[in-house]
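Positions are given from 1, in the same order as the sequence printed here.
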Amino acid sequence: MKRLRISAISYLNTAPLMWDFEHLEEGRPNPAASHFDISYTVPSQCAAELRQGSADIGIIPAAAYAGIPDLAILPGVAIASRRAVRSILLVSKRPLEEIQTVALDTSSLTSVALTRILFAKLWKRKISFTAAAPDLENMLQQHDAALLIGDPALKVDRSRYLTYDLAEEWIRFTGKPFVFAFWAVRKAALKDSEPSLDLAAVFQESRDRGLRPDNLDQIAGDWAPKLGLSESSIRSYLTENIHYYLDEECLGGLQLFYRYSAGIGALPAAPELHFLEAAKPATL
């Protein structure tokens with residue numbers, strides 16, 4: 001049987017999701033280690049690899065799902081937020097009402113679409129957007145504000161700028177959580193995979209073990225020196241700011257995001273959500 005190729009995100013917030021794929025526990029079978037090949041990249045590239053067929057499973061930006069045919073969502077697992085997320089920031093040199101130009105970190109199609117929604121529907125501003133590499137100083141040299149996502153956003157000294165947490169702004173606007181990404185699999189890839197492999201269970205169980213307190217302590221210890229943040233800051237980010245469950249409330253927020261994105265032309269028509277059933281083997 002063919003090993004499935006996973007395209008994962010090289011950000012802190014995916015570390016709990018990848019626990020079983022990166023750690024072996026003595027005496028416990030680990031299908032996550034034996035049935036998959038893993039590569040790491042940025043969210044937008046995960047989507048590109050699924051679209052090109054160079055990956056079979058990816059943790060893709062919610063926005064990307066709208067443009068890639070024949071995907072099935074692995075149920076129950078997400079990178080979402082029900083409060084301020086800290087890692088999706090609009091960073092500005094001036095008050096919101098004075099912003100005219102925004103540099104967009106295009107590493108995440110979802111965050112770009114969210115930025116456009118908030119300017120159009122909440123702040124009711126017409127803005128000039130420009131794609132840019134995620135270098136804050138360079139972005140702000142020629143623009144009034146910059147969208148930063150992921151680990152670069154976590155490292156911003158927010159005392160130096162006006163900052164807007166876009167998950168917090170979305171929740172204030174809609175009353176719903178925001179879903180940034182979720183696992184999706186190419187349906188065609190399932191035909192050659194191990195028939196007895198329950199993909200939904202593999203990814204849910206990996207998340208559950210990654211969120212155990214002792215494992216979160218290890219993640220915090222590993223990532224603190226990489227990001228220049230305290231272990232307590234990393235732990236609070238993973239347990240308080242990120243919500244790892246694609247539950248009914250999050251699905252409602254996700255569907256509203258698709259409707260708003262389609263309404264302002266940021267995405268194609270709102271897609272229908274297709275799920276891989278959790279209780280059945282991964283066969284078509």
Side-chain angles (χ1 to χ4, degrees), residues 9 11-14 16 43 61-63 78-99 102-125 127 129 134 136 139-140 143-182 211 227 229-230 232-261 263-264 266-267:
I9 300 172
Y11 288 159
L12 167 62
N13 58 24
T14 62
I79 296 175
S81 188
R82 298 185 296 182
R83 56 182 294 180
V85 73
R86 290 173 49 194
S87 54
I88 310 291
L89 296 180
L90 183 71
V91 183
S92 179
K93 299 182 293 185
R94 58 190 61 194
L96 190 64
E97 61 271 13
E98 297 179 11
I99 295 174
V102 175
L104 297 173
D105 175 357
T106 56
S107 299
S108 169
L109 303 174
T110 302
S111 300
V112 169
L114 175 58
T115 303
R116 293 179 181 273
I117 288 170
L118 291 174
F119 271 108
K121 291 190 168 291
L122 174 60
W123 300 322
K124 304 196 181 297
R125 302 289 313 284
I127 300 294
F129 297 105
L136 184 58
M139 294 167 97
L140 292 179
H143 300 86
D144 299 327
L147 169 68
L148 278 185
I149 74 163
D151 299 343
L154 286 173
K155 295 188 285 186
V156 170
D157 181 356
R158 296 177 68 170
S159 68
R160 297 179 53 197
Y161 308 98
L162 295 169
T163 60
Y164 304 87
D165 186 299
L166 297 193
E168 187 174 37
E169 296 295 328
W170 165 269
I171 293 163
R172 183 169 64 86
F173 175 46
T174 67
K176 296 182 180 296
F178 193 82
V179 176
F180 292 97
F182 45 75
L211 291 176
L227 299 181
L229 300 173
S230 69
S232 61
S233 177
I234 287 176
R235 207 179 195 289
S236 69
Y237 170 68
L238 295 176
T239 58
E240 299 172 16
N241 301 105
I242 302 295
H243 180 67
Y244 286 105
Y245 302 87
L246 191 57
D247 50 31
E248 288 301 317
E249 193 177 7
C250 283
L251 287 172
L254 178 61
Q255 290 167 330
L256 182 60
F257 166 71
Y258 285 138
R259 291 197 297 273
Y260 279 164
S261 295
I264 67 168
L267 292 177

Kindly compute the distance separating CZ (F180) from CD1 (I79), expressed to the nearest 0.5 Å.
9.5 Å

In L147, L89, V85, I149, the residue satisfying side-chain contact (heavy atoms from CB on, under 4.5 Å) with L166 is L147

Look at the side chain of S81 and the backbone N and O of A167, then say whether any donor-acceptor pair between them is shorter than 3.5 Å.
no

R86: side chain to side chain donor-acceptor pair (under 3.5 Å) partners, not counting sequence neighbours:
S233, S236, N241

Nearest atoms (heavy-atom pairs only) where Y164 meets S92
CE1-CB, 4.3 Å

Would you check if P16 and L238 make a side-chain contact, meaning some heavy-atom pair closer than 4.5 Å?
yes

Is a salt bridge present between K93 and D144, judged by a nitrogen-to-oxygen distance below 4.0 Å?
no

Of all heavy-atom pairs between A146 and L136, which one has the smallest distance, and what is that distance?
CB-CD1, 3.9 Å

What's the spacing between T163 OG1 and E168 CD if we round to 0.5 Å?
9.0 Å

Working to the nearest 0.5 Å, report the span between CZ of R235 and CD of E240.
9.5 Å

Which atoms form the tightest heavy-atom contact between L256 and K176, and what is the distance?
CD2-CD, 3.9 Å

Residue pair L211 / Y245, side-chain heavy-atom distance below 4.5 Å
yes

Are Y258 and Y260, when compared by the centres of their aromatic rings, separated by less than 6.0 Å?
no

Side chains of I117 and S261: closer than 4.5 Å at any heavy-atom pair?
yes

Verify, without hydrogens or angle tests, whether Y244 (side chain) and N13 (backbone) share a donor-acceptor contact under 3.5 angstrom.
yes

Quick check: do L246 and L251 have side-chain heavy atoms less than 4.5 Å from each other?
yes

From H243 atom NE2 to T239 atom OG1, the distance as rounded to the nearest 0.5 Å:
13.0 Å

Heavy-atom pair of closest approach, residues S107 and Y11:
CB-OH, 3.8 Å

Exam field: side chain R125 to backbone L96, donor-acceptor pair closer than 3.5 Å:
yes

Minimum heavy-atom distance M139-P134, with the two atoms named:
SD-CA, 4.0 Å

Does any N or O in the side chain of W170 come within less than 3.5 Å of the main-chain N or O of P177, such that one atom is a donor and the other an acceptor?
yes

Just verifying a value: how many Å separate L227 CG and K155 NZ, rounded to the nearest 0.5 Å?
6.0 Å

Side chain proximity check, F129 to V112, heavy atoms < 4.5 angstrom
no

CG on L267 to CZ on R116, rounded to 0.5 Å
10.0 Å

Grab the two heavy atoms, one from G150 and one from I88, that are nearest each other, plus how far apart they are.
N-CD1, 4.3 Å

For E248, look at atom CD and say whether over 12 heavy atoms of other residues, nucleotides or ligands are found less than 6.0 Å away.
no

Could you check if a side-chain atom of R160 sits within less than 4.5 angstrom of a side-chain atom of V91, using non-hydrogen atoms only?
no

Going by heavy atoms in the side chains, are F178 and L254 under 4.5 Å from each other?
no

Is a donor on one side and an acceptor on the other found under 3.5 Å between the side chain of K121 and the backbone of L118?
no

Taking the inter-plane angle between the rings of F119 and W123 on a 0 to 90° scale, is it parallel (under 30°), tilted (30 to 60°) or perpendicular (over 60°)?
perpendicular

Can you tell if the side chain of I99 reaches within under 4.5 Å of the side chain of R94, non-hydrogen atoms only?
yes

In sequence, state the C-alpha distance, the side-chain angles, and the governing distance for T110 and F257, and then conclude on side-chain contact (heavy atoms from CB on, under 4.5 Å).
CA-CA 9 Å; T110 302; F257 166 71; 3.9 Å; yes

